[in-house]
Amino acid sequence: MPEEVKKKRITDVGPHDYHDYLSPMIKKNYGKWAYHEILDPGTMVHVAENGDKLYTVRMGSPRLVSSGFVRDISDMADKYCGGYLRFTTRNNVEFLLENEKNIEPLKKDLEKLGYNVGGIGNVVANIVHTQGWVHCHTSASDASGVVKSVMDELYEYFVEDKLPSKVRIAFACCLNMCGSVASSDIAILGTHRKPPKINHERLVNLCEVPSTIAACPTNSIRPEMVGDKKSVRVNEETCVFCGSCYTVCPAMPIADAENDGLSIWVGGKVSNARTKPTFSKLVVPFIPNEPPRWDKAVQAVKTILEAYKKGAEPGERVIEWIERIGWSRFFKITGFEFTKYHVDDFRLAETSMNYSSHARF
Ligand code: SF4
Ligand code: SF4
């Protein structure tokens with residue numbers, strides 16, 4: 001890099017200090033909030049020790065948004081909130097109002113723009129999700145399309161407080177599980193069903209063979225000479241189609257339009273309230289991709305949600321309900337078939353993870 005460019009380069013400055021973006025009311029009462037109340041599924045109020053009140057209106061967002069969307073919400077923040085707003089950890093938008101009288105006009109304006117207010121309390125809030133076919137090379141399904149289809153069907157659960165407890169739904173388009181599918185009440189996960197196809201011609205030029213071998217959790221990849229080229233072979237008997245090898249080796253693509261799809265998991269949670277955090281568990285091993293509306297996957301999610309709504313005690317999260325009634329009853333109530341795929345057979349985690357990194361080729 002030329003010296004004069006180097007001199008001008010600004011680096012390692014970190015993010016802006018968030019204090020600069022706090023509304024005056026939050027700055028004044030920082031760390032001095034007494035309590036909060038949910039007024040309805042789209043609105044809550046925080047009351048400070050000195051009696052100050054800050055109203056929050058929460059709005060759903062599709063996460064993947066245009067600059068037009070950002071301008072819309074910025075205009076709303078200018079009009080009603082002194083220019084302040086924030087995003088939640090589930091990618092909802094929150095408008096912070098000091099004047100209670102502005103709540104209804106803001107909601108009306110948001111409605112006119114086509115945005116939905118909700119997501120607070122015992123509801124289905126936004127679906128944490130990933131890149132899908134919009135941007136990632138390892139996806140087995142699409143994120144934005146599935147999420148839109150599910151939220152259209154579950155809209156009433158976003159805008160009305162109807163559930164025994166909050167239900168967190170998450171989506172990931174491959175089992176890298178970017179986001180929170182491993183620990184959500186209901187999780188939708190992109191799933192492959194075929195081994196990678198190996199491009200022997202190009203593999204040695206594109207991939208580092210030892211790290212490709214080491215990427216496999218079931219030790220299914222071995223070095224192999226194909227003609228005069230260094231390459232690898234995959235043991236298709238033990239391959240679990242995780243796609244981890246493709247992540248490190250572009251010559252092992254695994255996407256397959258006919259055989260990729262979704263699996264559904266339930267019962268994860270991260271909070272320590274009442275019971276310990278848990279991982280989500282498999283309930284539907286495979287549903288084919290059905291763009292653009294993914295009807296079967298949407299119905300599977302709805303089946304779980306409605307069985308939970310009907311059977312859970314107030315305050316019970318999905319896993320607490322399932323553990324109370326037992327997994328066999330859960331399968332019976334939901335009608336999902338219990339298959340051999342539900343039986344955990346991954347016994348090699350400790351010995352196989354990176355075990356083959358010792359291989360030399
Ligand atoms: S979950 Fe997988 S496919 Fe989806 S964004 Fe993450 S790495 Fe990409
Ligand atoms: S890394 Fe995954 S997809 Fe690749 S060979 Fe191993 S099990 Fe199969």
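Atoms considered below: every heavy atom in the structure, side chains included; atoms not considered: hydrogens, waters and symmetry mates. Atoms within each ligand, like the ligands themselves, are counted from 1 in listed order.
The residues K108 and E111 are annotated as not salt-bridged, no charged nitrogen and carboxylate oxygen being separated by less than 4.0 angstrom. Using a cutoff of 4.0 Å between basic side-chain nitrogens and carboxylate oxygens, R317 and D185 are scored as salt-bridged. Salt-bridge annotation for E104 and K107: present, with a side-chain N of the basic residue lying under 4.0 Å from a carboxylate O of the acidic one. Note on D152 versus R293: salt bridge recorded, some NZ/NE/NH1/NH2 to OD/OE distance being below 4.0 Å.
Within the 4.5 Å cutoff, no side-chain heavy atoms of D256 are placed close to those of R193.
Aromatic pair W321/F330: ring centres closer than 6.0 Å. Side-chain rings of F336 and F331 stay apart, their centers remaining 6.0 Å or farther from each other.
Only protein N, O or S atoms were considered, and those under 2.8 Å from atom 6 (Fe) of ligand 1 are C178 SG. If you look at atom 4 (Fe) of ligand 2, the protein N, O or S atoms less than 2.8 Å from it are C245 SG.
Taking every heavy atom of T218 and a limit of under 4.0 angstrom, the matching atoms of ligand 2 come to 7 (S).
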Before you tell me yes or no, could you show the steps for T43 and D40 under side chain to side chain donor-acceptor pair (under 3.5 Å), namely the whole-Å CA-CA distance, both residues' side-chain angles and the distance that decides it to 0.1 Å?
CA-CA 5 Å; T43 324; D40 62 51; 2.9 Å; yes

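Pairs engaging residues 92-102 under the salt bridge (Lys or Arg N to Asp or Glu O under 4.0 Å) rule: R58-E94, R86-E94 [sequence neighbours left out]. Sorted by first then second residue, the side-chain hydrogen bond (donor to acceptor under 3.5 Å, both in side chains) pairs that include residues 161-179, not counting sequence neighbours, are E156-K162.
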